[in-house]
Structures are given as C-alpha cells and as structure tokens.
Protein chains: 2
Amino acid sequence: MTLALTKTDKATQILNGALQEFLAHGYAGTSMDRVAATAGVSKPTVYNHFQDKEGLFRALVQKIARERFQIKFKAEILSGPLEESLPRLLASMVNTISDDDDYQDFVRLVIGESGRFPELSRTFVTYLVRPGLQQMQDYLEQHPEFGFADSQAIAQIILGSAVYMCLTQYILHGHDIMPLSKENYIEAMTRLMLNSALSEAIQRP
Amino acid sequence: MTLALTKTDKATQILNGALQEFLAHGYAGTSMDRVAATAGVSKPTVYNHFQDKEGLFRALVQKIARERFQIKFKAEILSGPLEESLPRLLASMVNTISDDDDYQDFVRLVIGESGRFPELSRTFVTYLVRPGLQQMQDYLEQHPEFGFADSQAIAQIILGSAVYMCLTQYILHGHDIMPLSKENYIEAMTRLMLNSALSEAIQRP
DNA sequence: GTCTATATCTAGATAGAC
DNA sequence: GTCTATCTAGATATAGAC
C-alpha cells in the first residue's frame, strides 16, 4: 500500500462522509466534526486534504456533478417508434429521480446553495442539465418524423415538464397533497408530440 | 398607539428582518443575532414573539407563501385568442420570476429546506404551485378550441416548461453559460398547442 | 500524514432590571 | 414588553506529539 494510495483512500473516505452530511444537513448545517466522524478520520486529517469547509464543499459538488447523478438515456429506451420510445423515455426520467433519495437531496442542495455558490450551480448546469438537454435534442433529431422546427425548444419543453413532475411531486412532497398522475402526464405529452407531428405533416406536405 | 398595535408592529418588523436574513443566508446560515439586528429589535424581543428559530422560520415561510409571491394571471393577459394570449401568459410567468430576485431566493430557500422542512414545502405547493396549476387549467378550459382531452396534464406541461426556463436560466444561473431563447421557447410552445388543437379537430370532426 | 487536545469564536437561548 | 448582560454548547480551525 503506497503513500499515494493511502492519501487517495483518505480523500475518498472524506468526500464520502462529506457527501452524506451535506446531503442531509445542507452546507451551513453541516459541521466539520460530523464530516470527520462520518468519514472515520480525525478533523485535522480533513483539513489536511481540503483547505477549509468551503473548499471541501466545492470539491465535493464538482466531483459529484461530474461523476454521479448524470442521466444517460439507454439505447434500448430510445429505440423503436416514438409512440413507444417517448413514453419509455419520460417514465425512465421521472422514475430515476423519484426512486433515488440521494438524487433528490443533491438537487435540493445545489438549488438551495445556488444563491451563495453560483459557480457550483453552473457546474450542475454544465454537467447535468446541458447534457440532458442535448440528449433529448439528439433523440428528437433522430426522429425526423416529429417534424419539429426548433428541436432545442421542444427538448426544453419535454424535459421541463418531466422536471416539474419530479420537483412538485417528490422534491417538494406535493405527492401527499396534490397527487398528479404520472401515466396521464406521459400520455398527454406523447399525444401532444404525435399531434404536432401530424399537423406539421399536413402543413408541409 | 395601543399595545396591540405595538405588538403587531414588532412582530411584522421581526418577520421582515427574518425574511431578509433567511432569503440571503438560508435557514442554518441565519443567526438570531442578525435577525434581531436587521429587524431593529433586541434578541429577547424576537424570542418573546416566536418560540425559537424553527418557530420563527415556520411562521415566516407560511406567511410569505400565503401573502406574497402568489402569481395571479391578470385578466388582460388571458383575454383574446390563444395565439395571442398564450405567448403573453408564458412571457408574463417567466418575466415575473426572472425580474424578482426575492422570488428566486424564496424558491431556493423552500427547495433547499424541503428535505428538512417537508411541511413547509407542502405549504408552498398548496399556496403557490396548486393555484398556479389550477389557473392554467381554468385558462385551458375557457378555450375549448384547444380541444384537450386532459387539461390538467397539459397545464402541468405548460407550467413545467416555464418553470424549467426560470430554474435553469435564472435560479441556477444557466443563462451565463447556456442561454436559452425565451422567444424561441414561447413560439415553440404556442405552436405545439395550436398544432395539437388542429390535429384534435381533424381527428374529432 | 495522522492523531489528541485545545484556542477562539459565535450560535441559540435566557435571567433579571426596568 | 423590551432591553443589557450572560450562560452554555458547538462551530471552525490549528498546535504539537508521534
């Protein structure tokens, strides 16, 4: 076991502990004592690997945004005609977030700190939002039968509606008091796309 | 000046100070010292009106969700044919949030604390999300020419896309690194609705 | 590099004068 | 009801032994 490996292990250990604590208590609500305890190291070790609390937080969020929580649409989901693939795609996105408590907490953390750590929210946009939008746009453009004039804007609309479901139902706990049907939403969205394709086909024969 | 009025004034004063501090620093990042200083009262006065920090925070968020930040679509925006009223409505929603820094901070605060204060996020859903959805649904149903089978699901989709714009562009500061055209979005959304209306009319003559 | 022990400060909350 | 002054706990960060 080399020194370099030991150092890497400790750093990873610390980041794992920090992730748990920051996800559970937010930035200001997290103490370096508990980070050290959860990571299984002493406090000076934490300060040996990271300059201070801010530095640890920035390093953590950037690492997590790059390495975890990236939604990558699988090929088998994207395959087939749009009346099958689009509902699959929408269900997959919503379920990915609704089933993953850590994902929801990470979104809460990044949005909650976006006023005080704007560059971290930009990292979130760069590594999570923008690739998601690009994938959706690619999907739309691989289905020319949609016939959309502005695939980027449509991608925003589709993604936005799915994010809204996750935000209001799960992140904001609206499911308990204002349950919205996932199935109805997916059906309405799919129908909207198919209807649009039909109309565009009529208008541009 | 009666005692009752004096008490009301102090409570309002405290809530105003607390609002500023909580919006700027979040729940855990806000100190009761600064709340008192910003409100222009002493700390024991704060504790005389509110049981503790949590009680103050709950009272504040509930009051603000009920009294401020409610989006009420104006009649002159909703009037006219949908190819005029819908773009106006979308632009109004997005601009309302993009122009109001306090609104953005309030959203950050509620989402950021939604894991630790779930009942406050439900209050947010009850007083801000649900009425917004209902208004959109009412608008759609007052325009039978849309011909939607599921007006609630369509209302979600429209609102969701607008919220997504605000979230990614302004709250998460995506505008600096991934600018999305408000005009393109509004045009695409409007066209989607008009196309859908056309198709529905064809399929149900 | 890592720990025990500690310095320093600020937090939430309150006692007691008026 | 409101203030000054204060208590106590827990926060960030580090000194110094190993």
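Bear in mind that the values here come from a model prediction, so they are computed numbers and not experimental data. Only heavy atoms go into these numbers, but all of them, side chains included; no hydrogens, no water, no symmetry mates. Chain A is the first sequence line, chain B the second, and so forth, proteins listed ahead of strands; every chain is numbered from 1.
For A:Asp52 and D:dT14, the CG to P distance is 8 Å, given to the nearest whole Å. As a whole-Å value, the separation of A:Ile14 CD1 from C:dC3 C1' is 13 Å. Straight-line distance from the CZ atom of B:Phe57 to the C1' atom of C:dG12: 16 Å, rounded to whole Å. Rounded to an integer number of Å, the gap from B:Lys43 NZ to C:dA15 P is 14 Å. Counting to the nearest Å, the P atom of D:dA13 and the CG atom of A:Leu56 are 10 Å from each other. Across the protein-nucleic acid pair, A:Asn48 atom CG and C:dT4 atom P stand 14 Å apart, rounded to whole Å. When rounded to the nearest whole Å, the span between CZ of A:Phe50 and C1' of D:dA13 equals 16 Å.
The ring-ring contact (aromatic ring centres under 6.0 Å, His included) search around B:Tyr47 returns none, not counting sequence neighbours. With sequence neighbours left out, the side-chain contact (heavy atoms from CB on, under 4.5 Å) criterion links A:Asp100 to A:Phe69, A:Asp102, A:Tyr103. Checked against side-chain contact (heavy atoms from CB on, under 4.5 Å), B:Pro87 has the following partners two or more places apart in sequence or in another chain: B:Ile186, B:Thr190. Under the side-chain contact (heavy atoms from CB on, under 4.5 Å) criterion, A:Ala59 pairs with A:Phe50, sequence neighbours left out. Considering only residues two or more places apart in sequence or on other chains, B:Asn16 meets the side chain to side chain donor-acceptor pair (under 3.5 Å) condition with none of them.
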Just distance, no hydrogens or angles: give the donor-acceptor pairs under 3.5 Å from side chains in residues 123-132 of chain B, sequence neighbours left out.
from: B:Thr123; atom 1: OG1; to: B:Glu119; atom 2: O; distance (Å): 3.0
from: B:Thr126; atom 1: OG1; to: B:Arg122; atom 2: O; distance (Å): 2.8
from: B:Tyr127; atom 1: OH; to: B:Arg66; atom 2: NE; distance (Å): 3.3
from: B:Tyr127; atom 1: OH; to: B:Arg66; atom 2: NH2; distance (Å): 3.1
from: B:Arg130; atom 1: NH1; to: A:Ile177; atom 2: O; distance (Å): 3.4

Donor-acceptor contacts under 3.5 Å from residues 143-151 of chain A side chains, at least two apart:
from: A:His143; atom 1: ND1; to: A:Glu145; atom 2: OE2; distance (Å): 2.8
from: A:Asp150; atom 1: OD1; to: A:Gln152; atom 2: N; distance (Å): 3.3
from: A:Asp150; atom 1: OD1; to: A:Ala153; atom 2: N; distance (Å): 3.1
from: A:Ser151; atom 1: OG; to: A:Glu141; atom 2: OE2; distance (Å): 2.6

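Rounded to 10°, the angle separating the first-five-pair axis and the last-five-pair axis of the helix from C:dG1-D:dC18 to C:dC18-D:dG1 equals 10°.
Side chain A:Lys10 to base C:dG1: no donor-acceptor pair is found below 3.5 Å. Between the side chain of A:Lys53 and the base of D:dA13, no donor-acceptor pair under 3.5 Å is found.
Regarding contacts with the backbone of C:dG1, every side-chain N or O of A:His49 stays at 4.0 angstrom or more from both OP1 and OP2. Distances shown here put every side-chain N or O of B:Thr45 at or beyond 4.0 Å from the OP1 or OP2 atom of D:dG1. Taking 4.0 angstrom as the limit, A:Tyr47 places none of its side-chain polar atoms (N or O) nearer than this to OP1 or OP2 of D:dT14.
Between A:Gln51 and B:Val41, the residue anchored closer to the 5' end of DNA chain D is B:Val41, taking for each the nucleotide with the nearest heavy atom.
Shown here for A:Leu159 and A:Met93, the closest heavy-atom pair between the two residues is CD2-SD, 3.5 Å. When all heavy atoms of A:Ala24 and B:Arg116 are compared, the pair lying nearest together is O-NH1, 3.0 Å.
Interface residues of residues 20-35 of chain A facing DNA chain D, ordered by number: A:Thr30, A:Ser31, A:Met32, A:Asp33; criterion, heavy-atom separation under 4.0 Å.
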